[in-house]
Undergrad: 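One structure, as structure tokens, below. Some questions next.
Bear in mind the structure is a predicted one, so any value in this text is a computation, not a measurement. Throughout, protein chains are lettered first and strands after them, A, B, ... in sequence-line order, and every chain is numbered starting at 1.
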Protein chains: 2
Amino acid sequence: MRTDDEATDAPTVPGGLGRTQDPEGVKRNILDVATREFAAKGFSGARVDEIAAKTATSKRMIYYYFRDKEGLFVAVLEEAYSGIRKIERRLDLGDLPPGEALRSLAEFTFDYQNAHPDFVRLVMVENIHNAVHLERSERIQSLNVSVIDVLDSVYRRGVSEGVFREGIDVIDLHMTISALSFFNVANRATFSKIFKCDMESEESLARRRAQVGETVVRYVLKTKA
Amino acid sequence: MRTDDEATDAPTVPGGLGRTQDPEGVKRNILDVATREFAAKGFSGARVDEIAAKTATSKRMIYYYFRDKEGLFVAVLEEAYSGIRKIERRLDLGDLPPGEALRSLAEFTFDYQNAHPDFVRLVMVENIHNAVHLERSERIQSLNVSVIDVLDSVYRRGVSEGVFREGIDVIDLHMTISALSFFNVANRATFSKIFKCDMESEESLARRRAQVGETVVRYVLKTKA
DNA sequence: ACGACAATGTACGAACCGGTACGTTTGGTC
DNA sequence: GACCAAACGTACCGGTTCGTACATTGTCGT
């Protein structure tokens with residue numbers, strides 16, 4: 001069930017020179033478990049005792065490394081955000097024509113959110129709490145949102161090539177992409193139940209991904225006169 | 001601060017013939033307070049004692065009428081859903097051309113969600129809990145989603161008039177409208193903080209409303225060849 | 001007017017839950 | 001190998017929180 005915590009006697013910790021005690025591993029382990037718990041049950045619904053129980057260590061360590069429950073949640077959030085930012089930085093759409101680049105970007109976002117439901121749910125939880133933890137974390141605020149730069153360059157290219165219409169704010173465009181991608185994960189439970197439709201199968205996801213891409217591209221494309 | 005609970009000695013209860021005791025009023029009062037609390041703090045974050053304190057009656061009444069905390073939450077959800085369904089039924093777009101009708105429908109949804117953040121947040125909360133309460137409530141499941149019928153008729157009209165392209169699923173279309181509208185309220189806190197933008201002012205809302213309408217219309221419009 | 005039942009208030013209990021006091025082990029250093 | 005700080009475990013505490021037992025009042029039917 002567990003994959004790699006404390007597997008070997010000579011741990012793979014980067015910082016240390018080899019020690020049977022493994023602070024980094026313990027922190028990682030706690031963060032992983034906490035991410036799942038907070039994503040599953042929300043901040044108030046998650047129990048420190050339960051997180052501790054699912055950990056390889058004890059509750060003591062949570063307070064030792066993360067100060068308190070809120071500190072743990074902030075760390076979990078930071079981890080989640082830095083994950084997507086890291087991937088965004090690797091985006092490279094330079095060789096595609098603007099329309100297809102934009103479509104890829106939208107579909108990439110859609111795929112990422114689908115592949116990381118915990119991230120989506122943590123963002124939901126943070127929004128329920130009015131983003132107070134996000135406010136408290138300089139680390140998250142210092143992470144620059146590289147996807148905006150990519151989006152901006154694609155958009156400019158499209159405009160200068162005459163295929164995109166002018167006057168669109170890329171933040172707004174990103175919001176549209178995010179909204180369409182986010183909803184599919186965030187509201188899956190209620191929406192699929194009310195409309196009696198499947199939103200998780202490979203086919204449904206592929207269909208929806210294409211729709212999201214199409215929606216976004218159509219929004220920026222110049223209408224032929 | 002409070003507007004209309006138990007204002008008069010002869011209460012305004014519909015069912016009764018006038019009684020100093022006012023079961024319907026008490027229920028209403030509890031539901032109103034509980035809606036705000038659950039929407040503000042989530043299911044686990046909301047406290048029964050605090051809900052009771054903000055009520056005109058006592059905690060005892062919550063358990064008397066709603067059995068337990070979950071029962072109260074289900075009732076709150078039912079109330080919230082029946083609210084939007086009631087309004088949907090009043091939608092009438094028969095006299096507008098299909099494109100403008102669709103735009104109105106999208107903008108109407110956008111406006112409704114903005115005007116009812118508690119509804120949006122309750123849906124978020126319910127999704128965090130995997131829609132288990134929604135599952136438990138026959139009343140919600142029996143509420144038919146009339147907006148789909150309206151959307152369907154507009155879409156058919158657009159297709160038969162040759163202005164909309166064929167092959168679009170109206171449920172998918174509704175999902176797009178919902179997603180774009182939902183995000184603006186649901187993710188307002190994190191998004192506005194990360195992108196340092198305002199999402200609540202009248203101007204921002206008007207701009208975004210127009211974008212949402214435009215996005216939806218462009219998705220269904222036939223591309224001119 | 002009186003019985004019966006719905007409606008309501010008060011006080012309390014038991015489990016839960018976040019957090020800590022206190023003690024022990026581990027590993028690097030000289 | 002002695003010492004010290006970092007790393008870790010156990011047991012526990014005090015306040016919180018959901019829920020209920022018990023007592024009381026109001027209202028309607030007859």
Side-chain angles (χ1 to χ4, degrees), chain A residues 5-6 8-31 33-34 37-38 40-76 125 129 132-133, chain B residues 5-6 8-31 33-34 37-38 40-76 129 133:
Chain A
D5 340 319
E6 301 199 326
T8 55
D9 288 343
T12 55
V13 189
L17 299 91
R19 24 160 57 178
T20 66
Q21 284 185 151
D22 181 11
E24 293 308 314
V26 168
K27 274 197 236 180
R28 263 256 62 79
N29 182 218
I30 293 174
L31 276 178
V33 174
E37 286 292 307
F38 281 130
K41 305 176 190 172
F43 177 76
S44 315
R47 302 299 168 204
V48 177
D49 284 292
E50 207 171 326
I51 293 173
K54 295 185 179 177
T55 290
T57 75
S58 68
K59 185 163 63 156
R60 178 72 180 74
M61 289 296 95
I62 293 176
Y63 291 95
Y64 186 65
Y65 286 120
F66 302 100
R67 181 187 173 97
D68 58 13
K69 193 183 181 184
E70 293 220 334
L72 178 59
F73 185 74
V74 171
V76 164
V125 170
H129 292 273
V132 289
H133 307 98
Chain B
D5 342 318
E6 301 200 327
T8 55
D9 288 345
T12 55
V13 189
L17 300 90
R19 20 163 56 183
T20 66
Q21 284 185 155
D22 181 8
E24 292 309 314
V26 169
K27 273 198 236 182
R28 262 258 62 78
N29 182 219
I30 294 174
L31 276 179
V33 174
E37 285 293 306
F38 281 130
K41 304 176 190 170
F43 176 76
S44 316
R47 302 297 170 205
V48 178
D49 284 290
E50 207 171 325
I51 292 173
K54 295 183 178 175
T55 289
T57 74
S58 68
K59 185 164 62 154
R60 177 74 181 75
M61 288 295 95
I62 293 177
Y63 290 94
Y64 184 67
Y65 285 121
F66 302 101
R67 183 190 172 94
D68 58 13
K69 192 183 179 182
E70 294 221 334
L72 178 59
F73 185 74
V74 171
V76 164
H129 292 274
H133 308 98

Undergrad: Rounding to a whole Å, what distance do you find between Lys27(A):NZ and dA7(D):C1'?
TA: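 Taking NZ of Lys27(A) and C1' of dA7(D), I get 12 Å after rounding.
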Undergrad: Where do Val33(B) and Ile51(B) come nearest, in terms of heavy atoms and distance?
TA: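 For Val33(B) versus Ile51(B), the nearest heavy atoms are CG1-O, 3.5 Å.
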Undergrad: Check this for me, if you would: do Glu24(A) and Arg28(A) make a salt bridge, where the nitrogen-to-carboxylate-oxygen distance has to be below 4.0 angstrom?
TA: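 No, this pair does not count.
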Undergrad: Tell me the interatomic distance from Lys41(A), atom NZ, to dG18(C), atom P, rounded to whole angstroms.
TA: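 So the two atoms are 11 Å apart, to the nearest Å.
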Undergrad: Please collect all salt bridge (charged side-chain N to carboxylate O under 4.0 Å, His left out) contacts where either partner lies in residues 60-73 of chain A, sequence neighbours excluded, each pair once.
TA: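 Qualifying pairs: Glu70(A)-Arg136(A).
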Undergrad: Mind telling me whether His133(A) and Phe43(A) have parallel, tilted or perpendicular rings, with 30° and 60° as the class edges?
TA: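 Ring orientation of Phe43(A) relative to His133(A): tilted.
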Undergrad: Give me the atom names and distance for the closest heavy-atom approach of Lys41(A) to Ser44(B).
TA: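 In this case the closest contact between Lys41(A) and Ser44(B) is O-OG, 4.4 Å.
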Undergrad: Can you check the Glu24(B) CD to dT8(C) P distance for me, whole Å?
TA: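 Taking CD of Glu24(B) and P of dT8(C), I get 10 Å after rounding.
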Undergrad: Expressed in angstrom and rounded to an integer, what is the separation of Arg67(A) atom CZ from dG18(C) atom P?
TA: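 It is 16 Å, rounded to the nearest whole Å.
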Undergrad: Rounding to an integer number of Å, can you tell me how far Arg60(A) CZ sits from dT25(C) P?
TA: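 It is 16 Å, rounded to the nearest whole Å.
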Undergrad: Would you kindly give the CE-to-P distance between Met61(A) and dG19(C), to the nearest whole Å?
TA: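 Rounded to whole Å, this separation is 16 Å.
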Undergrad: For Phe66(A), report the nucleic acid contact type (base, sugar-phosphate, nothing); a contact means any heavy atom under 4.0 Å.
TA: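 If one applies the 4.0 Å heavy-atom cut-off, Phe66(A) turns out to touch nothing in the nucleic acid.
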Undergrad: More 5' along DNA chain D: Glu70(B) or Ser58(A), using each one's nearest nucleotide?
TA: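 Nearest-nucleotide comparison on DNA chain D picks Ser58(A).
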Undergrad: Output the rounded distance in Å from CG (Asp22(A)) to P (dG28(C)).
TA: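 From Asp22(A) CG to dG28(C) P: 12 Å.
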Undergrad: Could you state the atom-to-atom distance from OH of Tyr64(A) to P of dT25(C) in whole Å?
TA: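 Tyr64(A) atom OH is separated from dT25(C) atom P by 17 Å.
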Undergrad: Using a 4.0 Å heavy-atom cut-off, write out nucleotides 12-18 of chain D from 5' to 3' as B (base contacted by protein), S (sugar-phosphate only) or - (no contact).
TA: -----SB
Undergrad: So Val125(A) and Phe73(A), do their side chains get closer than 4.5 Å, heavy atoms only?
TA: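 Yes; the side chains approach each other to less than 4.5 Å.
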